[in-house]
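Contents: one structure, followed by commentary.
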Amino acid sequence: MRINVMGVGFDNLTLDEAVEEALRLISQHCSAYVVTPNPEIVMMCRGDGAVMDAVQRADLVLPDGVGVVYGARILGTPLKGKLPGIDFAQALMSELAKIDGRVFLLGSKPGVAEMAAKNLSDRYPGLTICGTMDGYFKDDAPVIEAVNAAKPDLLFVCLGAPKQELWMQRNAPKLHVGIMAGLGGSLDVFAGTVKRAPKFFQKLGLEWFYRLIKEPWRIGRMMQLPKFLFATIRERFRRKR
Ligand code: UDP
């Protein structure tokens, strides 16, 4: 059963359990999809029924970041822990590399997916990067054709939220992939064009703060975090009454 955090149901899994479930879904080859909402996406879902639907219908809903974990705790229904999409992707690629898995990288600016492909091939020998494509296309049809021809076990969909969630839901019936995952800016990190927060910040749950220092223009988007936390506190009191 999923844990309801402000209307979005999260799977309560450890990283190992999430990877195990993803491998099970891949073996079924049913174009399952994974979403990794952070508080900003939860707030988007609350304001837009189509985004909420795309998130709720995902086969795996993982809590990206510490904000959702705090929210669940405030609501009295704690989650096992945060599960950043990029950590999930790395752990899944490690497993796929052992079984000669295939990965297709879709998203980010032109050239980025190719750089990420080179780095990932070096990091995970055994993994085949079976295709790359940037995320600034107009028609879905040629993308679907290229992905289906490449037959990936895992499709990265890195188009930013909520575009990637809506894209996965809309196209799942036409795609022949094991699983796909909406992973925001992960390709930029794998390509090395964006640096992830040092481990110190990650451990303290301050990855968002590091990102804010590096990319101060994110302040508008990040204001969703305190709004989300206030909303969970209000909800907790409402439930108590
Ligand atoms: N992006 C894309 N197509 C679009 C809009 C965005 O491929 O039409 C890419 C963008 O280049 C970036 C990623 O989507 O690589 C979004 O990154 P962001 O850091 O905003 O996502 P987050 O991780 O915060 O969800």
Side-chain angles (χ1 to χ4, degrees), residues 8 10 33-48 50-52 54-55 58 60-68 82-90 92 103-120 129 131-144 146-147 155-171 175 180-197 201-202 205-228:
V8 173
F10 284 86
Y33 70 94
V34 185
V35 294
T36 63
N38 56 17
E40 188 193 339
I41 300 177
V42 172
M43 295 306 273
M44 263 182 218
C45 290
R46 290 168 66 76
D48 186 329
V51 180
M52 180 66 100
V55 167
L60 267 176
V61 184
L62 306 176
D64 185 298
V66 77
V68 173
K82 68 174 169 153
L83 227 165
I86 193 160
D87 291 347
F88 167 74
Q90 289 179 146
L92 185 54
V103 181
F104 192 110
L105 310 178
L106 170 65
S108 62
K109 298 203 176 94
V112 173
E114 287 75 6
M115 285 199 292
K118 160 120 198 16
N119 293 341
L120 292 174
I129 307 296
T132 57
M133 201 176 259
D134 72 70
Y136 293 84
F137 51 87
K138 288 216 170 63
D139 285 341
D140 290 346
V143 180
I144 292 165
V147 170
L155 168 64
F156 275 57
V157 184
C158 296
L159 307 175
K163 197 172 177 183
Q164 60 200 14
E165 287 76 14
L166 296 169
W167 192 90
M168 290 191 292
Q169 184 192 28
R170 183 169 72 244
N171 292 307
L175 284 161
M180 54 189 147
L183 294 167
S186 301
L187 284 180
D188 299 297
V189 175
F190 290 135
T193 53
V194 170
K195 286 263 169 300
R196 204 178 165 192
F201 283 83
Q202 292 179 32
L206 290 174
E207 202 161 0
W208 61 272
F209 180 64
Y210 178 85
R211 217 164 170 195
L212 184 60
I213 301 169
K214 288 282 193 190
E215 303 167 52
W217 56 88
R218 283 182 175 268
I219 184 75
R221 284 175 59 176
M222 284 197 181
M223 283 315 287
Q224 293 302 322
L225 177 62
K227 278 191 194 158
F228 166 83

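Ligands are counted one by one from 1 in listed order, and the atoms in each one are counted from 1 as well. FYI, side chains are in, hydrogens and waters are out, and symmetry mates aren't considered; it's all heavy atoms of this structure.
- The closest protein non-hydrogen atom to atom 8 (O) of ligand 1 is Lys163 NZ, 2.6 Å.
- In this structure, Glu40 CD and Trp208 CH2 are separated by 13.5 Å, a value rounded to the nearest 0.5 Å.
- Closest to atom 1 (N) of ligand 1, if we only count protein heavy atoms, is Tyr136 OH, 3.2 Å.
- Counting only N and O atoms by type, the side chains of Asn38 and Asp64 include no donor and acceptor under 3.5 Å apart.
- In terms of protein heavy-atom proximity, atom 15 (O) of ligand 1 is closest to Asp188 OD2, 2.5 Å.
- Here the CG-CG distance, from Leu105 to Leu183, works out to 10.0 Å after rounding to the nearest 0.5 Å.
- The shortest side-chain heavy-atom distance between Phe156 and Phe104 does not fall under the 4.5 Å cut-off.
- Nearest to atom 3 (N) of ligand 1 among the protein's heavy atoms is Gly135 O, 2.8 Å.
- Under the 4.5 Å side-chain criterion, counting only non-hydrogen atoms from C-beta, Val143 is in contact with Met133.
- Listed by number with element, the atoms of ligand 1 under 4.0 Å from a non-hydrogen atom of Lys109 are 11 (O).
- If you check which protein heavy atom lies closest to atom 9 (C) of ligand 1, you get Cys158 O, 3.5 Å.
- The proximity of Gln164 to ligand 1, defined as any non-hydrogen pair under 4.0 Å, does not occur for either the backbone or the side chain.
- Looking at Arg211 and Arg196, their side chains never come closer than 4.5 Å, going by heavy atoms from C-beta outward.
- Rounded to the nearest 0.5 angstrom, Trp217 CH2 and Leu212 CG are separated by 10.5 Å.
- Of the protein's heavy atoms, Arg221 NH1, 3.2 Å lies nearest to atom 20 (O) of ligand 1.
- The shortest N or O to N or O distance between Leu183 and ligand 1 is not below 3.5 Å.
- Each of the atoms 7 (O) of ligand 1 lies under 4.0 Å from some heavy atom of Gly107.
- Exactly one of Asp87, Val68, Thr36 qualifies for a side-chain contact (heavy atoms from CB on, under 4.5 Å) with Leu62. That residue is Thr36.
- The closest donor-acceptor contact from the side chain of Gln164 to the backbone of Leu159 lies under 3.5 Å.
- Using a 4.5 Å cut-off on side-chain heavy atoms (C-beta onward), Leu120 and Ile129 make contact.
- Using a 4.0 Å cut-off between heavy atoms, Ser186 makes no contact with ligand 1 at all.
- Leu159 counts as a contact of ligand 1, since one of its heavy atoms falls under 4.0 Å from the ligand.
- Across the listed options Gly184, Ala191, Pro162, Gly184 owns the non-hydrogen atom lying nearest to atom 13 (C) of ligand 1.
- Residue contact check for ligand 1: Arg211 places a non-hydrogen atom closer than 4.0 Å to it.
- Between Cys158 and the choices Val189, Leu187, Leu106, Asp134, the side-chain contact (heavy atoms from CB on, under 4.5 Å) rule is met once, by Leu187.
- Ranking protein heavy atoms by distance to atom 21 (O) of ligand 1, first place goes to Gly185 N, 3.5 Å.
- Ranking the protein heavy atoms by distance from atom 18 (P) of ligand 1 puts Arg218 NH2, 3.6 Å first.
- With a 4.0 Å heavy-atom cut-off, ligand 1 is reached by no atom of Glu40.
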